[in-house]
Amino acid sequence: MPVDARALTLHRPRNLKAALAMLAEEPTLTPIAGCTDVMVGLHFGTSDQRRFIDLWPLDELRGIRMDKPKGLSPRTGLSPHLRIGALTTYAEIIASPIIRKRVPMLAAAAREIGGAQIQNRGTLGGNIANASPAGDALPVLAAAGARIVLRSTGGERRVHFSDFYTGYRTSVRQGDELITAIEIPEIEGRQWWRKVGTRRAQAISKIMMAGVNGRHVRIALGSVGPTVVLAEETARSLAAGGSLAAAQALLREEIAPIDDVRSTGAYRSQVAANLLAQFWKETHG
Ligand SMILES: Cc1cc2nc3c(=O)[nH]c(=O)nc-3n(C[C@H](O)[C@H](O)[C@H](O)COP(=O)(O)OP(=O)(O)OC[C@H]3O[C@@H](n4cnc5c(N)ncnc54)[C@H](O)[C@@H]3O)c2cc1C
């Protein structure tokens, strides 16, 4: 049964500073961005959250730009990166020339997320924080070697995407922290994305895979484990010149797909191996 809206409290901070102060005082407040995930829980009565903080007015969480950090050099390890504000919607990602040029696999994933309504409201930060293993943007960010920027009244910290999730729908984000941005370093090599669902669009993924084939090979999959899987052994084997069959065998060991309402573990395992073959064929040489 839908939750009675009269039982809900919504705070509307005017800027990021005010939002962080509210969260410091009440870390159990639930942030809402586009609300496309949160609303589903309220509609079906499966959510026990009643007190919310609306991030939509926070322009500090918007914008897509190249950042050149101070102290840039190979010695400091700092490099120029693409900064995508957490409130960036899929429609903005699809329309962004800089994303289409530098991270085409992210634009490709965004095009297959929901329909026009979801693309206009759903945000990249919301997809990450929601922490669903079926979040379509997550394999892309893992393959891209992205960093998540988290902010609280205590300051800012950066977490490598591969260290962000701690298990099924859990992450290192603390209750008083917001995701403010996603940073994507320069990606060298060909990028690849594929989502497999019941239909081509408007369907929750049965499995999806993002890959980069260049000086380094990076392969990440979604919906094949409690959280996004970065298939490091598989990628290492391919990069070292191992056979596709050997890499497929390694991939089957690195993923842990389960049977659920959308698919079976056996199907997902077979499709993962097929996707790997397709990725390698289309990006190699
Ligand atoms: C019809 C429909 C189709 C969909 N199709 C797809 C699909 O194809 N692929 C897919 O991956 N997803 C899909 N989704 C899910 C959803 O649209 C996405 O996950 C979207 O990116 C969520 O973003 P949002 O801004 O709406 O998040 P919200 O619903 O506002 O929030 C989601 C979660 O993230 C937290 N949160 C949001 N922003 C922040 C922040 N900046 N800092 C900290 N916490 C934050 C919230 O507290 C909440 O827990 C679909 C949803 C619907 C209803």
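Every heavy atom of this structure was used, including side-chain atoms; hydrogens, water molecules and symmetry mates were not. For ligands, and for the atoms within them, numbers begin at 1 and follow the listed sequence. Residue numbers count from 1 along this sequence.
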Check ligand 1 against G114 and write out every atom of the ligand that is under 4.0 Å from a heavy-atom position of the residue. 5 (N), 6 (C), 7 (C), 8 (O)

So, the side chain of D67 versus the backbone of R83: is there a donor-acceptor pair under 3.5 Å, distance only? no

Ligand 1 versus M39, non-hydrogen atoms closer than 4.0 Å: side chain, backbone, both, neither? neither

Ligand 1 N/O within reach of K195 N/O, cut-off under 3.5 Å: yes

Given 3.5 Å as the limit, does a donor-acceptor pair link the side chain of N127 with the main chain of A137, or not? yes

Pairs of nitrogen or oxygen atoms closer than 3.5 Å, one from G122 and one from ligand 1: do any exist? no

Keeping Q191 on the side-chain end and M105 on the backbone end, is there a donor-acceptor pair under 3.5 Å? yes

Identify, by atom number and element, the atoms of ligand 1 in contact range of I32, meaning under 4.0 Å from any of its heavy atoms. 30 (O)

Answer side chain, backbone, both or neither: which part of V40 comes under 4.0 Å from ligand 1, heavy atoms only. side chain

With nothing but distance in play, are any N or O atoms of L61 less than 3.5 Å from an N or O of ligand 1? no

Output a table of donor-acceptor pairs, distance under 3.5 Å, between side-chain atoms of residues 141-149 and any protein atom two or more places apart or on a different chain; print 'none' if there are none.
unit_1: R147; atom_1: NE; unit_2: E183; atom_2: OE1; d: 3.1
unit_1: R147; atom_1: NH2; unit_2: H81; atom_2: ND1; d: 3.2
unit_1: R147; atom_1: NH2; unit_2: E183; atom_2: OE1; d: 3.2

I need the full list of side chain to side chain donor-acceptor pair (under 3.5 Å) pairs touching residues 224-234, with sequence neighbours left out, sorted by first then second residue. E233-R236, T234-E254

Using distance alone, decide if ligand 1 has a nitrogen or oxygen within less than 3.5 Å of any nitrogen or oxygen in Y90. yes

Kindly identify the option in I128, D136, I53 whose heavy atom sits closest to atom 9 (N) of ligand 1. D136

Would you indicate which of N127, L42, L29, T36 comes nearest to atom 12 (N) of ligand 1 when only heavy atoms are counted? N127

Between R218 and A235 (side chain of the first, backbone of the second, donor and acceptor by atom type, cut-off under 3.5 Å), is there such a pair? no

Is there at least one pair of N or O atoms, one from A137 and one from ligand 1, spaced under 3.5 Å apart? no

Evaluate G135 for polar contact with ligand 1, using N/O atom pairs at a separation under 3.5 Å. no

Check: of G41, A134, G126, min heavy-atom distance to atom 37 (C) of ligand 1 comes from G126

Go through the steps for N120 and T89 under the test side chain to side chain contact (heavy atoms under 4.5 Å, CB included), then give the verdict. CA-CA 6 Å; N120 278 303; T89 63; 5.6 Å; no

Does N15 offer a backbone N or O that forms a donor-acceptor pair with the side chain of E60 under 3.5 Å? no

Under 4.0 Å between a Lys/Arg side-chain N and an Asp/Glu carboxylate O for E112 and K195? no

Is the Lys NZ or Arg CZ of R12 less than 6.0 Å from the centre of W56's six-membered ring, within 45° of the axis? no

Numbered atoms and elements of ligand 1 in range of A129, under 4.0 angstrom, heavy atoms: 34 (O), 35 (C), 36 (N), 44 (N), 45 (C)

Hey, can you tell me if Y165 and F161 have their rings parallel, tilted or perpendicular (30° and 60° cut-offs)? perpendicular

Close-contact set for ligand 1 against G34 heavy atoms, below 4.0 Å: 24 (P), 25 (O), 26 (O), 30 (O)

Ligand 1 contact on I118 by region, counting heavy-atom pairs under 4.0 Å: side chain

With side chain to side chain contact (heavy atoms under 4.5 Å, CB included) as the test, would you mind laying out the steps for I98 and K101 before giving the verdict? CA-CA 5 Å; I98 191 165; K101 180 167 170 231; 5.8 Å; no

Residue C35 vicinity, atoms of ligand 1 by number, heavy atom under 4.0 Å: 24 (P), 26 (O), 28 (P), 29 (O), 30 (O)

Run the side chain to side chain contact (heavy atoms under 4.5 Å, CB included) check on R102 and M66 step by step: do they pass? CA-CA 10 Å; R102 293 181 173 268; M66 283 305 291; 3.5 Å; yes

With a cutoff of 4.0 Å, is Q117 in contact with ligand 1, counting heavy atoms of the residue only? no

Given 3.5 Å as the limit, does a donor-acceptor pair link the side chain of R173 with the main chain of L150, or not? no

Interfacing atoms of ligand 1 (cut-off 4.0 Å, heavy-atom, E112): 8 (O)

Is it the case that ligand 1 has an N or O less than 3.5 angstrom from some N or O of V38? yes

Within the 4.0 Å heavy-atom shell around T30, which atoms of ligand 1 are there? 47 (O)

Which atoms of ligand 1 have any heavy atom of A33 under 4.0 Å away? 25 (O), 30 (O), 37 (C), 38 (N)

Options L55, L23, L178, D37, ranked by nearest heavy atom to atom 22 (C) of ligand 1, top entry: D37

